[in-house]
Amino acid sequence: MVDSRLGHWLKLLVSLMLLLKTQGLYVGITYVKSAVAKGAVCLDGSPPAYHWDKGFGTGINSWLIHFEGGGWCNNVTSCLSRKKTHLGSSKLMGQQIAFSGIMNNKRPFNPDFYNWNRVKIRYCDGSSFTGDVQAVNPATNLHFRGARIWLAVIEDLLPKGLKNAENALLSGCSAGGLASILHCDSFRALLRMGTKVKCLSDAGYFIKVKDVSGAPHVQTYFNEIVTLHGSAKNLPLSCTSVLKPSFCFFPQYVAPQVRTPLFILNAAYDSWQIRNILAPSIADPLGVWKSCKLDINNCSPLQLKSMQGDWKQLNLDTQAIL
């Protein structure tokens, strides 16, 4: 019994040590206080922020800029709720965060970028860094200034070495992954001529399709975001010059026009998009998709067919299930 317990605790200890190693280091927060005067602020009016671990050795002039993810807010009610969290106020952000994955500073766990300058831009605007509305309603005190935050952070980093970048990668996850697509070409334009620039979107390729009820749920949702935050003028002109601005919040209409090398990383089974775009609760009042959304093994052949892209048959499939 004693040996068994000892072996169990040793396994836990080894697992904890491995976890600590792969997590890398904790990096302190930097507030861009000078941005406030420019109106580049979070939803609640607090200054934008980022975390930066300096590069070293051969990576001293290479930069990885990473957008934090965390969804969006599409109306005053959701934005008021959001500003009471770290996704709407830098006052509520943790002072330190762990840099792991491509942000890790250990070569065995991150051989490509471990010694680069690695920056994580905190997300506190709710528009994938695209908003810019000058007016502030005193009743809500909501600031829609995501695009200004993006520029303010880059302006703060340029004199800290970003202006000398030889290599630069703009990345992001989820809503941050969308931001890395929307700002890919503009990021390259902000850097000096000759810098090798590439972009990476991780789980940020949100698709414009009708939901299982046949309604354009996500199209309506994204249109509300673009309208509320005044995002239209900050979306790629190559798209907005020919399509409605809200369409240009969807990567499928923007990515083909991006001139900077862009890497798209997205799971074939994207559980968030299944739950929120294909089969949101409002489109499935009888709960036909509830079990499927919880576990793909519970999905019927018709539901799997819908998820695999046969969108034209989406409504027929749902009716057949009913």
Give, for atom [atom1] of [X] and atom [atom2] of [Y], the distance between the pair rounded to the nearest 0.5 Å.
X      : Y      : atom1 : atom2 : answer
Ser201 : Leu265 : OG    : CG    : 8.0 Å
Leu87  : Trp72  : CG    : CH2   : 12.0 Å
Cys239 : Gln252 : SG    : CD    : 10.0 Å

Practice problem: Would you indicate whether the side-chain heavy atoms of Ile102 and Asp112 approach each other to under 4.5 Å? | Solution: no
Quiz item: Under 6.0 Å from the six-membered ring centre of Tyr123 and within 45° of its axis: does the NZ or CZ of Arg82 meet both?
Solution: yes
Quiz prompt | side chain to side chain contact (heavy atoms under 4.5 Å, CB included) between Asn137 and Leu142, worked out | solution = CA-CA 7 Å; Asn137 186 335; Leu142 285 171; over 6 Å; no
Quiz item: Judged by atom type as modelled, is there a donor-acceptor pair below 3.5 Å linking the side chain of Arg145 to the main-chain atoms of Gly39?
Solution: yes
Quiz item: Taking all atoms of both residues into account, what is the closest heavy-atom pair of His86 and Met93, and its distance?
Solution: O-CE, 3.5 Å
Quiz prompt | For the student: nearest non-hydrogen atoms of Arg148 and Asp132, plus distance | solution = NE-OD1, 2.8 Å
Self-check item: Residue that, paired with Trp150, satisfies ring pair (Phe, Tyr, Trp, His ring centres under 6.0 Å) out of Phe129, Tyr50, Phe67
Solution: Phe67
Self-check item: Test item: side-chain donor near acceptor, Ser171 and Asp202, under 3.5 Å
Solution: no
Exercise. Classify the side-chain pair Arg118/His66 by whether it contains a donor and acceptor separated by less than 3.5 Å.
Key: no
Self-check item: Residue pair Ser34, Asp156: steps toward the side chain to side chain donor-acceptor pair (under 3.5 Å) verdict
Solution: CA-CA 9 Å; Ser34 61; Asp156 195 66; 4.6 Å; no
